[in-house]
Participant: 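Next up is a structure, given as structure tokens.
Here is the naming used below: chain letters follow the sequence lines, and residue numbers restart at 1 for every chain. Values below: every heavy atom of this structure, side chains too, minus hydrogens, waters and symmetry copies.
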Amino acid sequence: MASGSSPVTRFAPSPTGMLHIGGARTALFNWLFARHEGGKFLLRIEDTDRERSTAQASTAILDGLRWLELEWDGEVTCQSKHIERHGQVAQTLLDQGKAYHCYCSPEELTEMRQRAKAQGRPALYDGRWRDRDPSDAPQGVNPVLRIKAPRQGETVIHDRVQGEVRVSNRQLDDFILLRSDQTPTYMLSVVVDDHDMSITHIIRGDDHLTNAFRQQVIYDALGWGVPEFAHIPLLHGTDGAKLSKRHGALSVSAYKDMGYLPAAMRNYLLRLGWSHGDDEIISNEQAIEWFNLDSLGKSAARFDIDKLNYLNGHYIRQLDDQELSQDVLNILKSTNSITVDQTAQQRLLAAMPEFKQRAKTLIELADNCVFLVSSRPLPLTEKAQSQLSEQAPALLAELRGKLETTEHWTAEALDKAIRTFADKKGLKFGKVAQPLRAALTGGASSPGIFDVLAILGREESLGRIQDQAAAD
RNA sequence: GCGCCCUUCGUCUAUCGGUUAGGACGCCAGGUUUUCAACCUGGAAAGAGGAGUUCGAUUCUCCUAGGGCGCGCCA
């Protein structure tokens, strides 16, 4: 049983695709539990399906975990390395009469299931080779090895999330341990590996809940203690359907590309199925301090991008300006083919305190920053063009003359100068600010106009105003 | 078909038999204002349905409905 003072959890993905957010959350919970308990968080790649496993998927999963900053302990284990050991365990089961060979063909099994379904019985293997004399074995057929599952009574698992779950053994059949090519099945491999790796807590999606019964049967046959189970509810897409690739870009790397922060992602995922009273914004430290299995919910949750956006905005505002401007710089370089020189870099850094207040994602932040590093003359959006119609060019020409004489190019001084200018002209401040904004940014919305002016600097600002001002 | 799991505002959730059913996102209104955000204030918004247990059920039990998962020589 899971006694002892140092729990060991594991995340055991099969390398058949990207790490999606459902898997990411499972990893997060395992990681948090291990960190909270001062135990270990191990990573095991379940690659026994040679057909579908790929090295790329393996790499993608590892990259996803690294991005989320979920550090695993020790070396990554590959299940395929333990095949020999799995075979040995199967052999002892056979030797002890707890497993047997079955010579059924796939067609025979399919027919068996179909008939059972049609008759309203569970679609299970009927155990026809269980007590059959081995001398009946057909020639030239490689048998599979099946476990002798109990036929009476019931199998009970104690789950930290689901409670005590019991099922009649009539619902369990003599499932396969070793395929006809002698390779172990998932059911055997997980049990042996979890045991050999001294896993104390198995935290995984509740799509494995019914597997747990079968695994319990193996544990019992082997006389091994069973780890603690915690089957967490699955994540659903926005529409309530199962999370799948069809429901949008749901791999972890896709969220990275969309400009989400790992901290936001972790916070969001944590609150999907786990709670700590009314707390919503939970730091990594708090999460580790607070995480427990008892506060896990039992029902499936839908993915809600709005809330992720909100959290991401929050964490962007928390981020260090230096780090943030570097992120923005990288995005701008890769997406806008803009040459970002020294001044542009300085502008970005100077812009961060203001600009980070108004972005939900890194991508949005970078978009908002583009005008800072664009070279003159700026392209104008439709809205900017309308702001620059009629009297605006003349107004800007006049304003430019005024600003040229401004001694100190600071937000404070410019504030004063422009307000005075508007007053003298008998204009509402906005009537001056909007055309100015259009000239400076090429758009109709931006952070405070004085900040923009200060960030762009005297020369660039005056130049941009000049571009849109009426000729003398 | 058989089995298991789930069901509180649109969404994520709190509630460990007694609450005006709380918070958050989103939404609406107002404030701030120089645009967009951010921020502040206020508002609308929920116990799937039905039985039972109980002085009293969102909370416990059962049934129904709906949803999910599993039933592979996949993991």
Participant: Heavy atoms under 4.0 Å, any strand shown: does A/His231 hit a base, just sugar-phosphate, or nothing?
Facilitator: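 No contact.
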Participant: Rounding to an integer number of angstrom, what distance separates B/U59 and B/G50 when you compare their P atoms?
Facilitator: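 One P to the other, the span is 12 Å.
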Participant: For A/Ser275, which contact category applies under a 4.0 Å heavy-atom criterion: base, sugar-phosphate, or nothing?
Facilitator: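 Touches sugar-phosphate only.
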Participant: May I ask you to verify whether the side chain of A/Thr185 and the base of B/C73 hold a donor-acceptor pair under 3.5 Å?
Facilitator: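 For A/Thr185, whose side chain was compared with the base of B/C73, there is no donor-acceptor pair (under 3.5 Å).
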Participant: Between P on B/A24 and CG on A/Leu269, what's the gap in Å once rounded to a whole number?
Facilitator: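 The answer, rounded to whole Å, is 22 Å.
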Participant: Can you check the A/His276 NE2 to B/U15 C1' distance for me, whole Å?
Facilitator: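 Distance check: A/His276 NE2 to B/U15 C1' gives 15 Å.
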Participant: Under 3.5 Å for both donor-acceptor distances, Watson-Crick or wobble: does B/U59 have a partner, and if so which one?
Facilitator: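 Pairing partner: none.
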Participant: Which one is paired to B/U41, where only Watson-Crick or G-U wobble pairs with both distances under 3.5 angstrom count?
Facilitator: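 Paired with B/U41, as far as the under-3.5 Å criterion goes, is B/A29.
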Participant: Quote, to the nearest angstrom, the P distance that separates B/G47 from B/U41.
Facilitator: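 It comes out at 28 Å once rounded to the nearest Å.
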Participant: Can you list the steps and then say if A/Arg437 with A/Gln434 is a side chain to side chain donor-acceptor pair (under 3.5 Å)?
Facilitator: CA-CA 5 Å; A/Arg437 187 186 318 278; A/Gln434 276 310 95; 2.8 Å; yes
Participant: For atom CD of A/Glu108, is the number of surrounding heavy atoms from other residues, nucleotides or ligands below 6.0 Å larger than 12?
Facilitator: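 Enclosed.
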Participant: Please say which of A/Tyr260, A/Phe303, A/Tyr315 ends up in a ring pair (Phe, Tyr, Trp, His ring centres under 6.0 Å) with A/Tyr268.
Facilitator: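 Running ring pair (Phe, Tyr, Trp, His ring centres under 6.0 Å) over A/Tyr260, A/Phe303, A/Tyr315 with A/Tyr268 returns exactly one hit, A/Phe303.
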Participant: Could you measure between the two P atoms, the one in B/G3 and the one in B/C62, and give it in whole Å?
Facilitator: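 After rounding to an integer number of Å, I get 15 Å for this pair.
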Participant: B/A75 C1' sits how many Å from A/His20 NE2, rounded?
Facilitator: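 In whole Å, B/A75 C1' lies 12 Å from A/His20 NE2.
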Participant: Take atom CG of A/Leu235 and atom C1' of B/U11, then tell me their distance rounded to the nearest Å.
Facilitator: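 Distance check: A/Leu235 CG to B/U11 C1' gives 13 Å.
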Participant: Counting the atoms with a prime plus P, OP1 and OP2 as sugar-phosphate, which does A/Thr48 contact under 4.0 Å by heavy atoms, base, sugar-phosphate, or nothing?
Facilitator: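 Contact class for A/Thr48: sugar-phosphate only.
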Participant: Over all strands shown, is A/Gly273 touching base, sugar-phosphate only, or nothing at heavy-atom distances under 4.0 angstrom?
Facilitator: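 Sugar-phosphate contact only.
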Participant: Treating primed atoms plus P, OP1 and OP2 as sugar-phosphate and everything else as base, which nucleotides of nucleotides 32-47 of chain B get B, S or - for protein heavy atoms under 4.0 Å?
Facilitator: --BBBBSS--------
Participant: Looking at A/Ile45 and A/Ser58, what are the two nearest heavy atoms and their distance?
Facilitator: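 Closest approach of A/Ile45 to A/Ser58: CG2-OG, 3.6 Å.
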Participant: Mark yes when over 12 heavy atoms from residues, nucleotides or ligands other than A/Arg170 sit less than 6.0 Å from its CZ; otherwise mark no.
Facilitator: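 Open.
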Participant: Using a 6.0 Å cut-off, check whether atom CD of A/Glu51 has over 12 heavy atoms from anything other than its own residue.
Facilitator: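 Open: at most 12 neighbouring heavy atoms sit under 6.0 Å from CD of A/Glu51.
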Participant: Does A/Asp173 or A/Met187 map to a spot on RNA chain B nearer the 5' end, using the closest nucleotide for each?
Facilitator: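 The residue whose closest nucleotide sits nearer the 5' end is A/Asp173.
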Participant: Tell me which residues in residues 112-119 of chain A put a heavy atom below 4.0 Å from RNA chain B, sorted by number, or none.
Facilitator: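 Under 4.0 Å from RNA chain B: A/Arg113, A/Lys117.
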Participant: Would you please classify the geometry between the A/Phe33 ring and the A/His201 ring as parallel, tilted or perpendicular, with 30° and 60° separating the classes?
Facilitator: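 The rings of A/His201 and A/Phe33 sit tilted, inter-plane angle from 30° to 60°.
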Participant: Using atom P in both nucleotides, what's the gap between B/U11 and B/G70 to the nearest angstrom?
Facilitator: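 Straight-line distance between the two P atoms is 23 Å.
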Participant: So, are A/Glu398 and A/Lys402 salt-bridged, with charged N and O less than 4.0 Å apart?
Facilitator: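 No, no charged N to carboxylate O under 4.0 Å.
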Participant: Inspect the contact between A/Lys307 and A/Asp304 and indicate whether a charged nitrogen and a carboxylate oxygen are less than 4.0 angstrom apart.
Facilitator: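 A salt bridge is absent here (no side-chain N lies under 4.0 Å from a carboxylate O).
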Participant: Say we look at B/G42 and B/A24: how far apart would their P atoms be, to the nearest angstrom?
Facilitator: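 Their P atoms lie roughly 10 Å apart.
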Participant: Take atom CZ of A/Arg271 and atom P of B/G23, then tell me their distance rounded to the nearest Å.
Facilitator: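 Those two atoms, CZ and P, are 14 Å apart.
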Participant: Both A/Ser14 and A/Gln171 contact RNA chain B. Which one's nearest nucleotide lies toward the 5' end?
Facilitator: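 This one resolves to A/Gln171.
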Participant: For a quick check of understanding: with a heavy-atom distance under 4.0 Å over all strands, which category does A/Ala301 fall into, base, sugar-phosphate or nothing?
Facilitator: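 If one applies the 4.0 Å heavy-atom cut-off, A/Ala301 turns out to touch the sugar-phosphate alone, with no base involved.
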Participant: When we call it a touch if two heavy atoms are under 4.0 Å apart, what does A/Asp181 touch: a base, just sugar-phosphate, or nothing?
Facilitator: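 If one applies the 4.0 Å heavy-atom cut-off, A/Asp181 turns out to touch nothing in the nucleic acid.
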Participant: Once you round it to whole Å, what is the distance between P of B/U13 and CG of A/Leu311?
Facilitator: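 Distance, rounded to whole Å: 13 Å.
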Participant: Describe, in one word, how the ring planes of A/His276 and A/Trp290 are oriented to each other, choosing from parallel (under 30°), tilted (30 to 60°) and perpendicular (over 60°).
Facilitator: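 A/His276 vs A/Trp290 ring planes: parallel.
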Participant: Starting at the 5' end of nucleotides 4-10 of chain B, put B wherever the base has a protein heavy atom under 4.0 Å, S where only the sugar-phosphate does, and a dash everywhere else.
Facilitator: SSSS---
Participant: CG of A/Asn267 versus C1' of B/A24: gap in Å, rounded?
Facilitator: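 The answer, rounded to whole Å, is 11 Å.
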Participant: Can you list the steps and then say if A/Tyr100 with A/Trp129 is a ring-ring contact (aromatic ring centres under 6.0 Å, His included)?
Facilitator: CA-CA 8 Å; A/Tyr100 62 94; A/Trp129 282 92; 8.8 Å; no
Participant: Pick base, sugar-phosphate or nothing for A/Cys104, based on heavy-atom distances below 4.0 Å to the nucleic acid.
Facilitator: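 Since a base atom lies under 4.0 Å of A/Cys104, the category is base.
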Participant: Quickly work out the A/Arg44 CZ to B/A75 P distance and round it to whole Å.
Facilitator: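 Those two atoms, CZ and P, are 13 Å apart.
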